[in-house]
Amino acid sequence: MGKKIFAAALLLVLLAGLLAGCGEKDEAITSLAQLNEPGRTIGVAQGSAGDVAAEKAFPNATLSRYTNSVTGFLAVQQGKLDAYAYDEIMLRFALANGLEGLTVLDETLGDVTDVGVGISRQSDIPDLTAKIDAFLAQIEADGTMEQMKRRWIEQADETMPDIPLPDDPDAVLTVGTTGLVQPFSYYKGDQIWGFDIELATRLAAWLGMGIEFRIYDFDGIVPAAQTGAIDCILSNLNIIEERREVIDFSRPIYTSETAILVRDPSGTASGQSFLEGLKESFARTFVREGRWRLIANGLGVTVVISLLAGIFGSLLGFALCMVRRGRALPARGVAAALIHIVQGTPVVVLLMILYYVIFGSVDISAVAVSVLGFSLNFGVYVAEMLRGGIAAVDPGQIEAAAALGYSRTQTFWKVTFPQAAQHFLPMFKGEFIGMVKMTSVVGYIAVQDLTKASDIIRSRTMEAFFPLIVTAVIYFVIANLMTAALSLVQIRIDPKHRPRAVKGVRSK
Amino acid sequence: MISIRHVKKVYPNATPLKDVNAEVEKGEVVSIIGPSGTGKSTLLRCLNRLETPTAGQIIVDGVDVTAASPAELAMVRRKMGMVFQSFNLFSHKMVAENIMMGPVDLLGLSRQEAYDEALRLLDMVGLKDKAMNYPDELSGGQRQRAAIARALAMRPEIMLFDEPTSALDPAMVSEVLGVIKGLAAQGMTMFIVTHEMRFAKDVSTRVFYMDQGEIYEDGPPSQIFDAPRRERTRAFIMRIRTWEYAIHNRHFDFSAMTGSLGMFCVRQGLSARQMYVAQLVVVEELMMNLLLPASEGMSDPDIRLRLDCSEGGGSIRLAVEYPSLPGEPLASLEQQDQDDLTGLLLRRYGRDMHIDHAGRRAEFTLQAV
């Protein structure tokens with residue numbers, strides 16, 4: 001009885017909270033002044049010019065920092081945010097791309113920020129800043145820059161000119177970009193596209209170099225340049241004083257103004273039925289521009305990283321476990337320390353340390369670093385699970401094997417391991433599936449996996465749900481396929497599931 | 001065949017073997033008996049170096065086990081089959097595979113040869129129809145017979161049995177002992193650590209009585225069991241067996257206590273009548289009617305019961321201590337004129353009654369009339 005009353009009271013409180021929240025959010029925002037009030041929440045891209053400008057303009061409101069602006073737009077759409085402060089050009093493009101029920105306030109925040117090329121101080125290319133400045137001066141002088149701005153920004157013309165690059169270049173310019181901001185850096189189908197991409201390609205051609213783009217999350221891109229993983233950043237990067245402390249900037253390319261995205265008071269819901277909406281979402285997410293290729297490539301990367309990390313992690317875990325069981329004391333200490341350190345480190349942090357610190361100046365693919373990071377992470381868990389499995393084996397049976405005349409090694413393979421595997425496999429299965437899902441963080445180090453592919457598509461389709469749900473379903477399916485495969489192994493090694501016959505003999 | 005010379009085994013907090021010496025010839029069947037904790041199992045496990053002696057030598061067929069290389073040790077172990085108290089069958093293998101493993105992996109037999117041999121041995125221990133069962137599908141007695149077959153499949157010259165029946169239900173002891181007796185009859189050299197005195201007497205050609213970390217008396221079973229020469233052997237063989245039970249709670253488990261007492265009586269071979277008297281007098285009358293009522297209101301009464309019983313069940317002496325109880329709870333027993341049932345029963349079945357009110361203890365001999 002008491003419980004029922006409590007549950008009903010809880011429900012009431014929740015409902016009241018919901019209603020109260022709705023009531024406040026329903027008021028239409030038409031001016032900047034309305035936003036500078038306690039209780040207002042304004043989204044900004046973390047560390048962007050919008051972040052700086054909004055902090056100055058709305059001291060009374062709460063700022064919520066996003067690393068993916070599309071998520072921020074959708075939060076405004078759903079009423080989680082009152083407004084989103086962002087680059088005016090990109091907001092315009094987002095609205096043009098079908099961001100429904102939202103509008104941009106006529107007033108901008110007033111601050112005008114320069115946008116430039118971010119340049120790594122660790123780059124192998126000598127005098128890169130001077131060279132880039134010279135290049136920019138040249139294309140400004142010959143009108144190329146003006147013509148590019150007109151095409152991409154004013155006319156929204158998506159034609160990418162064919163810029164010839166050297167066939168067999170001695171060096172490659174490595175450019176970091178996000179691929180999430182139309183018209184500067186975005187994906188058209190599975191191709192990286194946009195103003196910044198054209199500019200970077202022209203730069204490489206001018207330098208007589210090849211080009212390689214690396215796709216980072218917004219908050220990973222400056223650290224990547226800082227450590228020298230990339231030569232420069234071309235991704236609508238605002239020139240901000242804090243960033244000057246760690247990287248260099250070219251002369252300004254263009255300027256950016258911060259505008260405010262709010263819910264459109266006159267906005268009406270589209271008249272589509274649920275089914276039509278679903279069809280449209282499906283077409284936008286998969287079919288248009290061949291975007292399914294992004295998903296397929298991302299899925300491939302996720303599967304490759306998961307399987308390789310599963311294999312190498314298991315081998316590493318086995319080796320670590322053997323070392324810990326062995327007689328070499330210093331090696332045992334090292335293995336135990338490694339296990340403790342890796343277990344105590346979040347896998348994202350581990351990946352970033354590997355990518356930016358340990359391999360910061362080494363030219364190694366981010367996929368390889370991901371495989372290494374997840375192998376390490378998975379390996380220490382395997383080592384611990386295996387140790388537990390081995391500890392669960394009856395010591396009497398190990399003694400019996402010794403008494404029969406089996407050596408330590410023979411005893412391990414004939415008696416200990418087969419039984420430990422039975423204890424170990426159910427845990428291994430769970431841990432492996434967990435690892436597959438955890439690979440979704442590799443976007444932090446510029447790997448385009450399944451999650452990243454879905455982020456890129458969301459940045460084009462401006463849809464919250466469909467790509468996310470599709471991603472969830474795909475993870476669910478691959479996780480279950482892999483579980484099923486491991487379950488087969490588990491059944492195979494269970495003696496009770498084997499036929500009751502002794503192998504290799506004829507019974508009389 | 002086996003020389004045990006000045007073997008000593010020291011653990012950080014115990015010294016199970018102080019100085020053990022013995023020479024054992026081929027074909028001898030040696031039973032190792034003695035009180036618990038006197039190093040019987042440790043000695044057996046030193047023979048195939050499952051335990052490494054702290055000092056001393058053990059020479060088996062000319063090989064010093066205590067200094068053997070891993071390869072030599074493996075060879076010696078193949079010659080010595082071992083049977084454990086807890087069977088230690090490989091739980092992931094069927095019975096037949098358990099028996100085949102050693103011969104296939106270590107003796108180089110073909111699987112077919114090993115399988116035929118396994119079935120022959122299983123037939124010998126009466127388990128032919130269990131060849132395709134897993135160990136956990138067998139009873140304790142069956143498991144131990146399978147374990148014996150596994151040890152025999154290595155064609156050992158010596159068999160070591162470490163309390164082979166201690167983990168078995170009483171009903172299954174004989175099936176295992178039967179198999180061991182059969183082996184003894186075939187002339188196998190054997191060491192058997194056991195608590196089954198009658199079995200040890202029947203099966204062995206020689207008995208080690210171990211006490212306090214050494215072989216205290218070594219002789220044929222006729223000597224050890226019928227005419228022990230030394231003091232402590234005699235005390236052990238003829239020993240007064242004891243049942244003890246301490247009660248610290250007014251709501252203690254009565255059934256557990258009567259059960260434990262009943263089990264003790266059965267083990268001692270007491271008659272049903274003697275058992276009835278012990279249970280009636282100890283539990284029903286003494287506890288329920290006199291001692292527990294006197295502990296009324298105490299959170300932690302301290303009552304200790306002790307039953308001494310000589311071999312053969314001749315006399316049973318009951319001692320009870322109740323240091324914390326107030327008053328003189330047993331005073332009524334001394335008053336002959338009292339006609340309460342408890343007094344009558346205790347005076348009827350208890351002889352030589354001695355009540356020490358100040359020392360808070362009492363003793364009497366139980367007599368089943």
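The structure displayed is predicted, hence computed values, not measured ones. Every chain is numbered from 1 and lettered A, B, ... according to where its sequence line falls, protein lines coming before strand lines. Below, all heavy atoms of this structure are taken into account, side chains as well, without hydrogens, waters or symmetry copies.
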If you draw a 6.0 Å radius around [atom1] in [X], do more than 12 non-hydrogen atoms from other residues or ligands fall strictly inside?
| X | atom1 | answer |
| --- | --- | --- |
| A:K437 | NZ | no |
| A:F432 | CZ | yes |
| A:R387 | CZ | no |

Contacting moiety of [X], where chain A heavy atoms sit under 4.5 Å:
| X | value |
| --- | --- |
| B:D105 | both |
| B:M101 | both |
| B:M132 | both |
| B:L89 | backbone |
| B:D162 | neither |
| B:F84 | side chain |

Proximity of residues 143-156 of chain B to chain A, residues having a non-hydrogen atom under 4.5 angstrom:
B:R150, B:M154

Qualifying residues under side chain to side chain contact (heavy atoms under 4.5 Å, CB included), relative to A:T409, sequence neighbours excluded:
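Checked A:T409 against side chain to side chain contact (heavy atoms under 4.5 Å, CB included); matches are A:S407, A:W413.
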
Does any part of the side chain of B:M82, heavy atoms only, come nearer than 4.5 Å to the side chain of A:L404, both counted from C-beta?
no

If you measure from the Lys or Arg side-chain nitrogens to the Asp or Glu carboxylate oxygens, is any gap between A:R500 and B:E137 under 4.0 Å?
yes

Lys/Arg-Asp/Glu bridge criterion (N-O < 4.0 Å) met for A:K503, B:E97
no

If you look at every heavy atom in [X] and [Y], which pair is closest and at what distance?
| X | Y | answer |
| --- | --- | --- |
| B:N48 | A:A403 | ND2-CB, 3.9 Å |
| A:G405 | B:A74 | O-CB, 3.6 Å |
| A:A402 | B:R77 | O-CD, 3.0 Å |

Would the distance check show the side chain of B:Y134 and the main-chain N or O of A:P495 forming a donor-acceptor pair, the cut-off being under 3.5 Å?
yes

Donor-acceptor pair, side chain of A:R506 and main chain of B:Q112, under 3.5 angstrom
no

Options B:M94, B:R49, B:M100, B:M75, ranked by heavy-atom pairs under 4.5 Å with chain A, top entry:
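So the answer, after comparing B:M94, B:R49, B:M100, B:M75, is B:M94.
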
Residue, of B:Q85, B:K93, B:R45, that accumulates the most heavy atom pairs under 4.5 Å with chain A:
B:R45

Do any pairs count as a side-chain hydrogen bond (donor to acceptor under 3.5 Å, both in side chains) and have a residue in residues 419-428 of chain A, sequence neighbours left out, and if so which ones?
A:Q397-A:Q419, A:Q419-B:S91, A:Q419-B:H92

What distance do [X] atom [atom1] and [Y] atom [atom2] have between them, rounded to the nearest 0.5 Å?
| X | Y | atom1 | atom2 | answer |
| --- | --- | --- | --- | --- |
| B:L50 | A:I398 | CG | CD1 | 12.5 Å |
| B:F90 | A:T411 | CZ | OG1 | 7.5 Å |
| B:N88 | A:E399 | CG | CD | 7.0 Å |

Among all residues two or more places apart in sequence or in another chain, which pass the salt bridge (charged side-chain N to carboxylate O under 4.0 Å, His left out) test with B:K8?
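B:K8 satisfies salt bridge (charged side-chain N to carboxylate O under 4.0 Å, His left out) with no residue once adjacent residues are dropped.
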
What part of A:A401 lies closer than 4.5 angstrom to a heavy atom of chain B: side chain, backbone, both or neither?
both

